[in-house]
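First the proteins, then the strands, lettered A, B, ... as listed; each starts at 1.
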There are 2 protein chains.
Amino acid sequence: MTANTYSISELSTEFDITTRTIRFYEDEGLLFPQRDGMKRIFSEKDRVHLMLILRGKRLGFSLQESRELIELYDPKSGNKKQLNVFLKKIHTKKQELAKQLNDINIMQNELDLAAEKITKIINKSTN
Amino acid sequence: MTANTYSISELSTEFDITTRTIRFYEDEGLLFPQRDGMKRIFSEKDRVHLMLILRGKRLGFSLQESRELIELYDPKSGNKKQLNVFLKKIHTKKQELAKQLNDINIMQNELDLAAEKITKIINKSTN
DNA sequence: CCTAAACTTTACGTTTACGTAACAGTAAGC
DNA sequence: GCTTACTGTTACGTAAACGTAAAGTTTAGG
């Protein structure tokens, strides 16, 4: 088992975010550092959560959405009903991602067309 | 040439957004409706801009980013230097999109793994 | 003529996701 | 022992993207 731990500044450096941001995420219930006296000690799990949050941000997810994602990745509640709810949520999220994939493809094509247009204009002009 | 025009409510209905949102986008310089007396008359071009903005939103773009995207799609400035700047911006944006594609793929795989895990737990349990 | 629907402007309010002090404790290095 | 660096809490501030309410026009229909 990897029992790595991290200080707040180690994580802020690694992910290029401020300590304020990390404390904010803790306040929001997204991270659960232990304490050594007053100081926060972050676990590998916290670090993974951070990665999930930041990747979510890059895809336009709110912290609330990332919170739900994190729940899906390690379900606490073990009863069948709740687990099936999770399965549905995963399915829904995958559909959203598929839509995003589609949007990205369209946008990439449009950007290619725009680049072509501009290139032609450049080649035809002299100034 | 398609000279379709649209009222504010037509667009708000079509895209399922409020009129407030549309007026806000105009204030922000993203839409340029003509006027019939006081009333706004939106062109096909405005409609396209709206589509771009909303697709951008789905991908987590800010309005500022969408504004830049729109500029790239129809460049006003015609001098060579400026056009080359646009080409670079397009390239940069495409790289960002490629990164998003990657993030989405990773997330999809992780969701698949999470679903597998949950499914196994469900099958092993009775309640 | 009157009402209802759709449109307008102006302006203050709200949520999210932190930024930015201000002030204090603590641990390490010289 | 003193400075420096890191850590902590508390709390007000802020930018983005609209929401919401107030109050006034305009236009089509009965």
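A donor-acceptor distance shorter than 3.5 angstrom exists from the side chain of B:Thr119 to the backbone of B:Ala115, with no hydrogens or angles considered. The main-chain N or O of A:Leu30 is found under 3.5 Å from a side-chain atom of A:His49 such that the two form a donor-acceptor pair. Checking side-chain atoms of A:Asn79 against main-chain N and O of A:Gln82 turns up a donor-acceptor pair under 3.5 Å. In this structure, A:Asp46 contributes its side chain and A:Ser43 its backbone to a donor-acceptor pair below 3.5 Å.
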Under-3.5 Å N/O pairs linking protein and nucleotides 20-28 of chain D:
| from | atom 1 | to | atom 2 | distance (Å) |
| --- | --- | --- | --- | --- |
| D:dT20 | O4 | B:Arg20 | NE | 3.0 |

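Using a cutoff of 4.0 Å between basic side-chain nitrogens and carboxylate oxygens, A:Lys94 and B:Asp112 are scored as salt-bridged. Electrostatic pairing of A:Lys45 and A:Asp74 counts as a salt bridge here, judged by a charged N lying under 4.0 Å from a carboxylate O.
Scanning DNA chain C 5' to 3' for nucleotides with an atom closer than 4.0 angstrom to a non-hydrogen atom of chain A gives a first and last hit of C:dA17 to C:dA27.
End-to-end axis angle of the helix from C:dC1-D:dG30 to C:dC30-D:dG1, using five pairs per end and rounding to 10°, comes to 0°.
Between A:Ile41 atom CD1 and A:Thr5 atom OG1 the span is 5.5 Å, to the nearest 0.5 Å. Residue A:Ile53 holds its CD1 atom at 11.5 Å from CZ of A:Arg55, rounded to the nearest 0.5 Å. Taking CG from B:Leu111 and OG1 from A:Thr92, the interatomic distance works out to 10.5 Å, rounded to the nearest 0.5 Å. Atom-to-atom distance recorded for A:Lys57:NZ and A:Phe61:CZ is 13.5 Å, nearest 0.5 angstrom. The CD1 atom of A:Ile90 lies 9.5 Å from the NZ atom of B:Lys117; values are rounded to the nearest 0.5 Å.
For B:Lys93, the salt bridge (Lys or Arg N to Asp or Glu O under 4.0 Å) test picks out B:Glu65, B:Glu96, with sequence neighbours left out.
Only A:Lys57, A:Ser62, A:Leu63, listed by number, bring a heavy atom of residues 45-69 of chain A to less than 4.0 angstrom from any atom of DNA chain C. Heavy-atom distances under 4.0 Å link DNA chain D to B:Thr21, B:Phe24, B:Tyr25 of residues 21-32 of chain B, given in residue order.
Atom CG of A:Asp16 sits in a sparse spot, with 12 or fewer heavy atoms from other residues, nucleotides or ligands closer than 6.0 Å.
Checked by atom type, the side-chain pair A:Ser9/A:Ser12 shows no donor-acceptor distance below 3.5 Å. In the model, B:Tyr6 has a side-chain atom that pairs as donor or acceptor with a side-chain atom of B:Glu44 under 3.5 Å.
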